[in-house]
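The sequence lines fix the lettering, A, B, ..., with proteins before strands; numbering per chain opens at 1.
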Amino acid sequence: MSASIETRDTVEALAADKYKYGFTTDIAMEEFPKGLNEDIVRLISAKKNEPEWLLAWRLKAFTLWQKLEEPVWAHIKHPPIVYNELYYYAAPSGPAPKSLDEVDPELLNMYEKLGIPLSERAALAGVAVDAVFDSVSVATTFRETLAKSGVIFCPISEAVREHPELVRKYLGSVVPIGDNFFAALNSAVFSDGSFVYIPKGVRCPMELSTYFRINARNTGQFERTLIIAEEGASVSYLEGCTAPQRDENQLHAAVVELVALDDAKIKYSTVQNWYPGDADGKGGIYNFVTKRGACRGRNSKISWTQVETGSAITWKYPSCVLQGDGSVGEFYSVALTHNHQQADTGTKMIHIGKNTTSTIISKGISAGHSNNTYRGLVKILPQASGARNYTQCDSLLIGDQCGAHTVPYIESRNASAKVEHEATTSKIAEDQLFYCRSRGLSEEDAVGLIVNGFCKDVLKELPMEFAVEAQKLLAVSLEGSVG
Amino acid sequence: MLEIKNLSARIGDKEILRGVTLSVPDGEIHAIMGPNGAGKSTLSYVLSGRDGYEVTGGEAIYNGQDILALTPEARAAAGIFLAFQYPVELPGVGNANFMRTALNAVKRARGEAELDAVAFLKLARAALKKLSMQDDMLKRNVNVGFSGGEKKRNEVLQMALLQPGLAILDETDSGLDIDALKIVAEGVNALRSETFSALVITHYQRLLDYIVPDKVHVLAAGKIVRSGGPELALELEARGYAGLEAA
């Protein structure tokens, strides 16, 4: 007994600085004045040389946002966010770099440190990366290679200038500007993010990935991602996120929109590891994100896979609107909370087309004093004959101070639809831990192994390059959770 | 060499072991027999370090080291292996991954080089073959959906891979048919050497036909009440445990 208490104490001491992405980068920054008003919205738009239509769009969103209330239905608690105390734009100062050679070496060093090499020679084989630092994209790799097959992968601010017809057609078409409080806020002040366009019949030749990094203090990050897959196109996209270790909470309110036309496939994977706050719940990112995909075409498919281990608060529901007949929506999720983290996450599957199918596999792991909620909506509209949904929600508790909650909403208005829901809640059993330890595994390794086993159905959906990273991340995030 | 001296332990307020004294020299296999509730499983858990068992007195020295102060994983690294009476299921955890992780953890603790996946698989396949087991054993999740016999064989497979210096088999024969019993026994016999010893805990004499012990001890009411050669097991089989407590 005493030996295991000693182990726990040692591990807890180590766990205090386990967040290895917590460093800050010293770099000359340009920040706009604090607070949010029309002038700031105009300033952001002007900074990016945006066309008039986009400024009008932003201002409309800002007006809508002022009328909206912060949603209160999620199972989370936090002190009020004072929106006028935040900075809405922060970027490395100086002219935008035209190529990697012009990127500040300090920035390149930072990405190296994070394990995201931006030089194409050193890059992960077969993965193109867009790196977004605070409010701007600092580098996008492999653009020429991708352009050969007609794929556009660039910062969204650039797409606004270079491909206005595409951006104008699709921006806000999946998540309307007034969709919710945080989406409206994002629409008003979004600064950068990634844009992906896969032309008809093209299978994107490499994995695309965006790496988001919040660095500046008191700064919100409001990125906007738009992915369009034309008829018969397919793409796999992955985003990763980290932030420095700071005592204040930082706001992240992103919007992601996906559009899949006939027979198109989009696979969107997230490994979210924003700074979660310290062991006492101080600091950490407030992550309020709206992600939605529209399966507009027949037999199109959108698949969300998320591994959420970071953030003090996670509020996100990557959803699929299944409009095309025979379209398929998938949501695979692992949400892990520890210490004082709070996650309220899940999905919405809206069945509109005939014979549409959706699958939801959610694995929630709660440790420490954390709270972890699955919230999911399955909605079958009257015209969606033959629609099917399968939902499986499993919760795993580590320790007895944490909470797991499952809140499924099912609305079926078509008698031919089939909706299945299964849910389990379990604890890591003492006998499982002892069994592993008696074979030589440390308590931490045993928990890591059991948790990874619990999440296997989701982890196997991740692109291979990232599955191993995600496994390690789960183990690291749980350090100090047992004892 | 395992030396247990006057070992007492309890679960909560309940005294289970009341001064067990026993020594198992290297190279020997000792059987521990006894009626239900005598403390046989408790002894195996106390020796392997399970939480919830409080040692109230005495000591257990293995190769000169007081093992009672060690974590379960440190005892595994020191060479102690417990074959469970009821092997535990680990959903989603592949058997091969589990065994390689365990083997490498033990190797790391001993300062030996770890095995990569290829080297491990080679080793595991050889062990499977020796134990007449199917390769698919490695692909399945740890003990999930295994029959009783398969679970016990899986324990023997792990034992063969981890190469312990001291194996504690906690009623490994319970629920086994005669073929499975032979396989388990062969697994133990294959490990017999001058540097290997074992404590075989069993209810019945049957297993001892296949794993012939050097000594047999009778545990009753938390104490060793008799010790003898293999013939003691036969005597118990014939006369039962009745009256032993008084002996």
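Side-chain contact check for A/H340 and A/Q342: no donor-acceptor pair (N or O, by modelled atom type) lies under 3.5 Å. Under the 3.5 Å distance criterion, with hydrogens and angles disregarded, no donor-acceptor pair is assigned to the side chains of A/H369 and A/N339. Side-chain contact of A/T305 with A/S269: a donor-acceptor pair under 3.5 Å is absent, judged by distance alone. A/Y374 and A/D344 form no side-chain donor-acceptor contact under 3.5 Å, judged by distance and modelled atom types alone.
Each of B/P91, B/A109, B/A77, B/G94 has some count of heavy-atom pairs under 4.5 Å with chain A, and the biggest count is that of B/P91. For the set B/M99, B/R108, B/M159, B/Q158, the entry with the most heavy-atom pairs within less than 4.5 Å of chain A is B/Q158. Of the listed residues B/L90, B/I80, B/V106, the one with more heavy-atom pairs under 4.5 angstrom with chain A than any other is B/L90. Contact count versus chain B (heavy atoms, under 4.5 Å) is highest, among A/K456, A/R439, A/Q432, for A/R439.
Centroid-to-centroid, the aromatic rings of A/Y268 and A/W304 come within less than 6.0 Å. Side-chain rings of A/Y435 and B/Y86 stay apart, their centers remaining 6.0 Å or farther from each other.
For B/P164, no part lies under 4.5 angstrom from a heavy atom of chain A. Neither the backbone nor the side chain of A/C455 has a heavy atom closer than 4.5 Å to any heavy atom of chain B. Contacts between B/E89 and chain A at a heavy-atom distance below 4.5 Å involve the backbone alone (N, CA, C, O). Looking at B/R50, the atoms closer than 4.5 Å to chain A (heavy atoms on both sides) sit in the backbone and in the side chain alike. Neither the backbone nor the side chain of B/N104 comes within contact range of chain A; no heavy atoms are under 4.5 Å apart. Using a 4.5 Å cut-off between heavy atoms, B/L82 contacts chain A through both its backbone and its side chain. Neither the backbone nor the side chain of A/D457 comes within contact range of chain B; no heavy atoms are under 4.5 Å apart. Residue B/V142 touches chain A through its side chain alone, counting heavy-atom pairs closer than 4.5 Å.
Looking at residues two or more places apart in sequence or on another chain, you find a side chain to side chain donor-acceptor pair (under 3.5 Å) between B/N95 and B/N154.
With a 4.5 Å cut-off on side-chain heavy atoms, A/S362 and A/C393 count as touching.
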